Amino acid sequence: MDGLMEFKTEDGALVVVEGVTDASGSRLVSRGGRPAQAARTFEASLDGVRAAAESALRVFRDGSLRPDSVELEFGVKLVAETSAVIAKGAAEGHLLVRLSWSPSGSAPEGAAPAS
């Protein structure tokens, strides 16, 4: 199968991902039908996505909104040479954010309570 990339986790487990590209968009080639080997661990490849999620959560948790829960959904694209990037979705970048408040919780400053 074309475009397979094999990542190792920090504890030595193998994760095989389909459709991995490098920064130039070229296809991966490996010998003997085996997946190409990633240059970084699976966890290290996701470090940038983790930092983006932490930053986004900080933005939505701090300030006047104060939701009871925050859900973030990232489309993640693994890049063979470097790491992971937030993938394109229907728009330019894929990031879905859901904020929710419980009925017993207080509404954000300046917002009308839900009826």
Side-chain angles (χ1 to χ4, degrees):
M1 189 178 272
D2 288 339
L4 294 180
M5 172 61 67
E6 186 174 82
F7 291 86
K8 278 195 177 179
T9 64
E10 291 174 356
D11 63 0
L14 297 179
V15 177
V16 179
V17 179
E18 182 180 10
V20 178
T21 61
D22 69 11
S24 68
S26 61
R27 293 174 52 199
L28 297 170
V29 177
S30 62
R31 293 184 185 173
R34 293 192 35 86
Q37 302 295 308
R40 300 173 63 171
T41 65
F42 186 70
E43 292 88 350
S45 296
L46 294 173
D47 280 344
V49 176
R50 179 183 314 176
E54 288 171 351
S55 180
L57 284 173
R58 195 169 34 256
V59 166
F60 292 111
R61 285 184 175 157
D62 296 345
S64 62
L65 289 177
R66 291 184 286 245
D68 292 327
S69 70
V70 178
E71 288 182 38
L72 298 174
E73 180 180 309
F74 289 88
V76 176
K77 181 177 184 179
L78 296 168
V79 180
E81 297 292 320
T82 55
S83 57
V85 296
I86 297 172
K88 284 186 178 183
E92 281 301 307
H94 179 78
L95 172 62
L96 176 65
V97 179
R98 286 192 181 104
L99 306 176
S100 64
W101 292 265
S102 64
S104 62
S106 59
E109 291 176 24
S115 50

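Just so we're clear, the structure is a prediction, and the values are computed from it rather than from any experiment.
Leu99 CG to Arg61 CZ: the interatomic distance, rounded to the nearest 0.5 Å, is 10.5 Å. Taking CG of Leu4 as the reference point, atom CD of Gln37 lies at 11.0 Å (rounded to 0.5 Å). Rounding to the nearest 0.5 Å gives a distance of 9.0 Å between CZ of Phe7 and OG1 of Thr41.
Pro67 and Val70 get closest at one heavy-atom pair: CG-CG2, 3.5 Å. The two residues Ser45 and Arg40 make their nearest non-hydrogen contact at OG-CB, 3.8 Å. For the residue pair Leu96 and Arg98, the shortest heavy atom distance occurs at CD2-NH2, 3.6 Å. Scanning both residues, Ala53 and Leu72, for their nearest heavy atoms gives O-CD1, 3.6 Å. Of all heavy-atom pairs spanning Val15 and Phe42, the tightest one is CG1-CE1, 4.0 Å.
Between Lys8 and Leu14 there is a side-chain heavy-atom pair separated by less than 4.5 Å. The shortest side-chain heavy-atom distance between Arg50 and Leu46 does not fall under the 4.5 Å cut-off.
Cluster membership check: Val59 does not share its hydrophobic cluster with Val97, using side-chain heavy-atom separations under 4.5 Å among Ile, Leu, Val, Met, Phe, Trp and Tyr.
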